[in-house]
2 protein chains.
Amino acid sequence: MTENLNVINPDIPSDYESLKARISTLSDSMPKRLLQCARYALANPDRIALGTTAEIASAAGVQPSTLVRFAQTLGFDGFSQMQQIFQGQLVGRNSEYTERLTKIRESGANTPGSILSSFAERSKQSLDELVRQIDTNAMQSAIDMLTGAETIHLLGLRRAYPVVSYLHYTLGKMGVHTNLLEGTGGILEERLQFISEKDALFVSTFSPYSPEVVELASKAFGRGVSVIALTDSVLSPIARVSSTVLEVNEAEHGAFRSLSTTMCLATSIAVAVGDARKWTSLS
Amino acid sequence: MTENLNVINPDIPSDYESLKARISTLSDSMPKRLLQCARYALANPDRIALGTTAEIASAAGVQPSTLVRFAQTLGFDGFSQMQQIFQGQLVGRNSEYTERLTKIRESGANTPGSILSSFAERSKQSLDELVRQIDTNAMQSAIDMLTGAETIHLLGLRRAYPVVSYLHYTLGKMGVHTNLLEGTGGILEERLQFISEKDALFVSTFSPYSPEVVELASKAFGRGVSVIALTDSVLSPIARVSSTVLEVNEAEHGAFRSLSTTMCLATSIAVAVGDARKWTSLS
DNA sequence: TCACAAGTGGAATATTTATTCAAAATAGAA
DNA sequence: TTCTATTTTGAATAAATATTCCACTTGTGA
């Protein structure tokens, strides 16, 4: 490991922006090969972040040792230390959120305001991730299935219940025929007979997954019903018994998870389905 | 370098999506530690991309060698080969993401992606607003009332129902005694008698406000019960009949509103109350 | 309960990777 | 040109990292 001195050494750029600034200042007085490094680094930051000295050096047309000298010229101990800055940049957008979060955490204890800010920050982060990671094909096929269904059956217990009850409300308001499956155990099982193959089953469950929900979905799926699952991981047991899986990583604060992101996705789906139904019913 | 064989070996996932699919398929037959790796990898892909076996292993609570076995189970030669897939994902996404966003904005059409990103964008704005505009005094007094209450009665219909049902679940999980008021009209009215003055009533309603909710809150308030209202405007009829008002401006897309922001606030309150109760019950 | 298979931990090893260093090359000044 | 100060090179070295291997543990079916 590197010395602790570095942490307080003001000569070491601590983020990508200041590193870029440093490079541009020093580039005037740089000899040929170091300039070559500078150009390459600014043009291919991703490669610096992920590559090894050997790979990068050969791509930039210099020696590995030159790369080390380059990093040292900029104030770093060596190449590895500089590389971390490039890696931080690659992780990208998240850095601004984590920065604000540490500020919130530093600023003090569990005041209502700080809890709220923390949840809000994480929710925003989580929303970004949602848009970035969403499988639009899966989303489209979910919407198609829900649009084509005669009745949409909705199933979700515990934390997932608010999600499906909101879908029930929203879809209902748009004139889509929905059926909210409630109750547990045997009562729930009995509902299965009312789900026809022309229908769709929208099911949601999060870790720790409700066994009764998975089981009912599994039986419906086995009978040929379109099953759309909204869950938190592809490892979810529901993933194996559904036609389409929508994955969402919910924001959390300590051990507690909000529903912000999940609700955003659910609402979007409801609106898309409502929209699609409107067009098909008009024709 | 690895053997060329790997390039044509169909058993090796070549991109992040197929890797995820592979993990999902094989996770059934995975023993404890490998499952642990699988979960960690899916939850922290960035760390897999950038970390060393030692770092990742300790973060995931396994041995470095287990990480290697995990990669081999998925068909890779070793950890390093698997890591490349995660790195590829990391590089691709930033550029892809912005690219996708501009495409969505340009097209303007109501594709699933555009609806989702619009909701997500507005939700983020709305969350910012929430943190900025929240009346922390009101929030604190709401938390105090809910903490001091013997039983917390929860009331909300239509769009507000998911909010209170989520509070019901979350508070319940923290050991807080709650009572979710359901039904409409006369049935609802009858519940009033079970609300004691030592209790608190958490009520939520949004425009167009449910008359039955306002009426029940009004009666409870008249009888001296602490009423905490979560609504969308200080002009809400519920504001005049409650001890504390929490206001939230929800994100909307066209005529449709999400519940992201409201859920964020509700969760924060639940966590704060759970926290406060823990301390008071300990003393 | 036993025997056997499967899985796991962690030290030992092999490999890769960063870094150093001294010799060689280059550029600049007189 | 010659001398000196810089810069570069690339092999040598040190550090780190991934991977293997085997003793040990855990689980399983008879």
Side-chain angles (χ1 to χ4, degrees), chain A residues 1-6 9 12 19 23 26-41 44 46-87, chain B residues 1-6 9 11-12 19 23 26-41 44 46-88:
Chain A
M1 261 303 137
T2 55
E3 291 294 323
N4 265 349
L5 278 175
N6 302 330
N9 188 338
I12 299 178
L19 174 53
I23 292 176
L26 297 180
S27 63
D28 297 329
S29 52
M30 276 185 192
K32 196 173 109 188
R33 292 277 119 111
L34 293 189
L35 230 179
Q36 218 170 313
C37 292
R39 281 194 223 289
Y40 187 84
N44 308 71
D46 293 2
R47 294 207 168 183
I48 306 280
L50 297 174
T52 68
T53 45
E55 288 166 11
I56 299 164
S58 101
V62 299
Q63 292 287 328
S65 53
T66 309
L67 230 41
V68 176
R69 263 190 308 129
F70 174 65
Q72 288 167 341
T73 304
L74 297 173
F76 297 101
D77 273 4
F79 173 80
S80 304
Q81 203 178 44
M82 180 182 77
Q83 191 178 39
Q84 294 191 334
I85 303 294
F86 283 87
Q87 291 184 345
Chain B
M1 260 301 139
T2 53
E3 290 295 321
N4 264 348
L5 275 175
N6 301 329
N9 187 338
D11 278 357
I12 298 178
L19 173 53
I23 292 175
L26 296 180
S27 63
D28 296 327
S29 53
M30 276 186 193
K32 199 172 100 186
R33 291 279 118 109
L34 295 190
L35 234 179
Q36 216 170 314
C37 292
R39 281 193 221 289
Y40 187 85
N44 309 72
D46 294 3
R47 293 207 169 184
I48 306 280
L50 297 174
T52 67
T53 46
E55 288 166 9
I56 298 163
S58 97
V62 299
Q63 292 286 328
S65 53
T66 309
L67 229 42
V68 176
R69 265 190 304 131
F70 173 66
Q72 287 169 341
T73 303
L74 297 174
F76 298 101
D77 274 4
F79 172 81
S80 304
Q81 201 178 44
M82 179 183 76
Q83 192 177 41
Q84 295 191 333
I85 303 295
F86 284 88
Q87 293 183 343

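Quick caveat, the model's predicted, so the values are computed rather than measured. In the text below, chain A, chain B and the rest are named by the order of the sequence lines, each starting its count at 1.
If you take CD on B:Gln83 and CD1 on B:Ile56, they are separated by 5.5 Å, rounding to the nearest 0.5 Å. For the atom pair A:Arg39 CZ and A:Asn44 CG, the distance stands at 13.0 Å (nearest 0.5 Å).
Among the nucleotides D:dT8, D:dG10, C:dG9, the one closest to the side chain of A:Gln63 is D:dG10.
Here D:dT6 presents its P atom at 17 Å from CE of A:Met30, a figure rounded to the nearest Å. With rounding to whole Å, B:Ile56 atom CD1 is found 11 Å from D:dT17 atom P. A:Gln36 places its CD atom 9 Å from the P atom of D:dT8, with the value rounded to the nearest Å. B:Phe70 has its CZ atom 15 Å from the P atom of C:dG9, to the nearest Å. With rounding to whole Å, B:Leu67 atom CG is found 9 Å from D:dT19 atom P. To the nearest angstrom, P of C:dA27 lies 14 Å from CG of A:Leu35.
When side chains are defined from C-beta on, A:Ile48 counts as touching A:Met82, because their heavy atoms get closer than 4.5 Å.
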Atom pairs, N/O to N/O, protein against nucleotides 22-29 of chain D, distance under 3.5 Å?
none

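When every heavy atom of B:Tyr40 is checked against every heavy atom of B:Ala59, the shortest pair comes out as OH-CB, 3.3 Å.
B:Phe86 is linked by a ring pair (Phe, Tyr, Trp, His ring centres under 6.0 Å) to B:Tyr16, counting only residues two or more places apart in sequence or in another chain. In this view, B:Ser58 satisfies the side chain to side chain contact (heavy atoms under 4.5 Å, CB included) rule with no residue, not counting sequence neighbours. B:Asp28 is linked by a salt bridge (Lys or Arg N to Asp or Glu O under 4.0 Å) to A:Arg240, counting only residues two or more places apart in sequence or in another chain. Not counting sequence neighbours, the partners of B:Thr66 by the side chain to side chain contact (heavy atoms under 4.5 Å, CB included) test are B:Arg33, B:Leu34, B:Cys37, B:Val62, B:Gln63, B:Arg69.
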- Message: Please encode protein proximity along nucleotides 18-24 of chain C as a string of B, S and -, counting only heavy-atom distances under 4.0 Å.
- Response: BBB----

